[in-house]
Amino acid sequence: MMKDNVENKVGVDAMNVKFSARDVQVYYGDNHAIKDVNVDILDKTVTAFIGPSGCGKSTFLRSLNRMNDTIPICRVEGDILLDGEDINAPQVDPVQLRAKVGMVFQKPNPFPKSIYDNIAYGPRIHGLARNKAELDEIVEKSLRRGAIWDEVKDRLDAPGTGLSGGQQQRLCIARAVATEPEVLLMDEPCSALDPIATAQVEELIDELKASYSVVIVTHSMQQAARVSQKTAFFHLGNLVEYDDTTTIFTNPRDTRTESYITGRIG
Amino acid sequence: MNDPHIAKAFDRDLEAIQALVMKMGGLVEEAIREAAKSLKTRDTERAEKVRQGDRKIDELEDLINTQCAQLLAIRQPAATDLRTVLTVMKIAGNLERIGDYAKNIAKRTEVLSHMQPIEGASSAIRRMSKEVEAMLSDALDSYIRRDATVGEDVRHRDLEVDQMYNALFREFLTFMMEDPRNITACMHLHFIAKNIERMGDHVTSIADQVIYLSTGQFPDDQRPKDNQSIYKVEGFEEADE
């Protein structure tokens with residue numbers, strides 16, 4: 001069952017692959033931002049993307065739910081397969097794709113609406129609820145999944161923007177899971193949060209991996225080490241190394257990875 | 001991985017703990033040498049110095065453990081840096097044990113100095129201790145040079161120490177059978193030989209750490225051992241270690 005793909009420098013269980021990237025290139029105009037990335041991202045696993053600023057980790061993350069489509073000069077080549085289907089195929093609706101592949105951003109960005117409507121928005125536009133009772137149920141379930149239900153259940157009509165930073169971020173995670181996604185992409189979800197809120201979000205990520213494939217971009221190596229099972233190290237647009245997180249942090253193969261994670265000038 | 005860290009203090013901290021373990025290693029090498037010399041020359045003053053010197057070795061181990069704990073808490077080292085801290089702690093523990101064995105040899109030396117010498121014993125023990133001392137020196141050297149090949153070589157040399165111990169074991173047994181008045185001295189000498197044999201095991205463990213530090217993997221192959229032959233000596237019942 002285990003197949004060792006030399007090109008990926010990693011052996012993974014083929015049955016468990018959620019995203020499969022093959023020879024992916026991303027260009028911003030003339031700038032070749034992602035070079036020949038091949039990687040298999042696993043289901044029900046937290047995968048961390050680490051690397052110095054400008055290494056392409058966020059660019060690659062954004063290509064997984066076609067967020068790069070919104071940048072006119074951006075061009076993506078190669079195959080990105082979600083459950084074996086090419087996400088860049090002409091018949092794929094990016095809105096439907098993003099319901100399946102949710103995203104949480106660096107800065108909490110709740111809609112300027114009530115807490116309830118923040119969660120209900122996605123299920124409404126995707127027609128996931130037939131009536132108010134079903135919608136209520138989705139809102140409660142999502143807020144519980146976001147580990148914020150107990151803090152907001154008595155004030156669902158209050159504006160989402162009135163919550164603390166850490167609560168807003170968990171609200172955004174709850175909003176992302178409301179559309180029943182299969183993958184959650186997180187772009188530095190804790191960089192604007194204090195250590196307590198960070199710990200709560202990390203605990204949440206750990207719970208979410210039972211249901212989803214979670215991909216997290218983080219500048220905190222300690223966070224990558226704490227929350228992920230797989231780690232990918234990007235450098236100058238290349239995927240340098242992809243392996244079990246414990247291997248990356250105790251015995252990485254590539255000297256560039258080692259230089260980066262040990263805080264050396266590489 | 002000789003590039004400096006962006007945080008220069010991190011480099012200084014890592015260098016400091018390694019310098020301490022090397023200093024400790026130097027003291028332990030000296031303790032082995034001096035203990036064996038005091039046995040051979042029946043020099044109780046020298047033996048007493050070895051006993052006193054062990055305190056310094058113990059203090060160094062405490063200092064190393066404290067500094068390693070601080071480094072782990074403050075720097076959260078990864079990869080080679082993490083392995084450096086882990087191996088420094090382990091090696092300090094091994095060195096401390098070797099120091100204790102040297103101290104024990106010195107203690108027995110003082111007792112033995114009041115007894116009739118056993119012919120050839122102290123020379124044989126000195127040869128054995130010299131081999132262990134050389135192994136320790138090479139192991140520490142290979143640690144600083146991150147040289148797994150030398151580490152592997154040290155592991156294999158422990159076989160010679162085991163064989164020397166087994167030869168001495170038989171010799172002492174013979175002496176004791178020949179003349180029961182030799183028993184007390186031979187028992188002490190046997191414990192000394194056993195102590196040196198155990199030192200060799202700790203040096204082997206240091207060599208394992210060198211290999212782990214340089215390669216990220218512990219050696220998994222079985223190194224050659226000679227711990228069976230003494231069990232074949234007549235009249236010797238196998239005992240649980």
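Side chains are part of it too, since the values below use all heavy atoms of this structure and drop only hydrogens, waters and symmetry mates.
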Roughly how far apart are A:Phe249 CZ and B:Asp81 CG, rounded to 0.5 Å? 12.5 Å
Hey, is the main chain of B:Thr80 close enough, under 3.5 Å, to the side chain of A:Glu258 for a donor-acceptor pair? yes
Can you confirm whether B:Phe191 is buried at CZ, in the sense that more than 12 heavy atoms of other residues, nucleotides or ligands lie under 6.0 Å from that atom? no
Give a yes or no on this: more than 12 heavy atoms of other residues, nucleotides or ligands lie within 6.0 Å of atom NZ of A:Lys35. yes
Can you tell me how far apart OG1 (A:Thr262) and CD (B:Gln76) are? Round to the nearest 0.5 Å. 13.5 Å
If we ignore hydrogens and angles and just use 3.5 Å, is the side chain of A:Arg264 paired with the main-chain N or O of B:Pro4 as donor and acceptor? no
Among A:Ile261, A:Asn251, A:Thr257, which residue forms the greatest number of heavy-atom pairs with chain B at distances under 4.5 Å? A:Asn251
Greater than 12 external heavy atoms within 6.0 Å of B:Arg145's CZ: yes
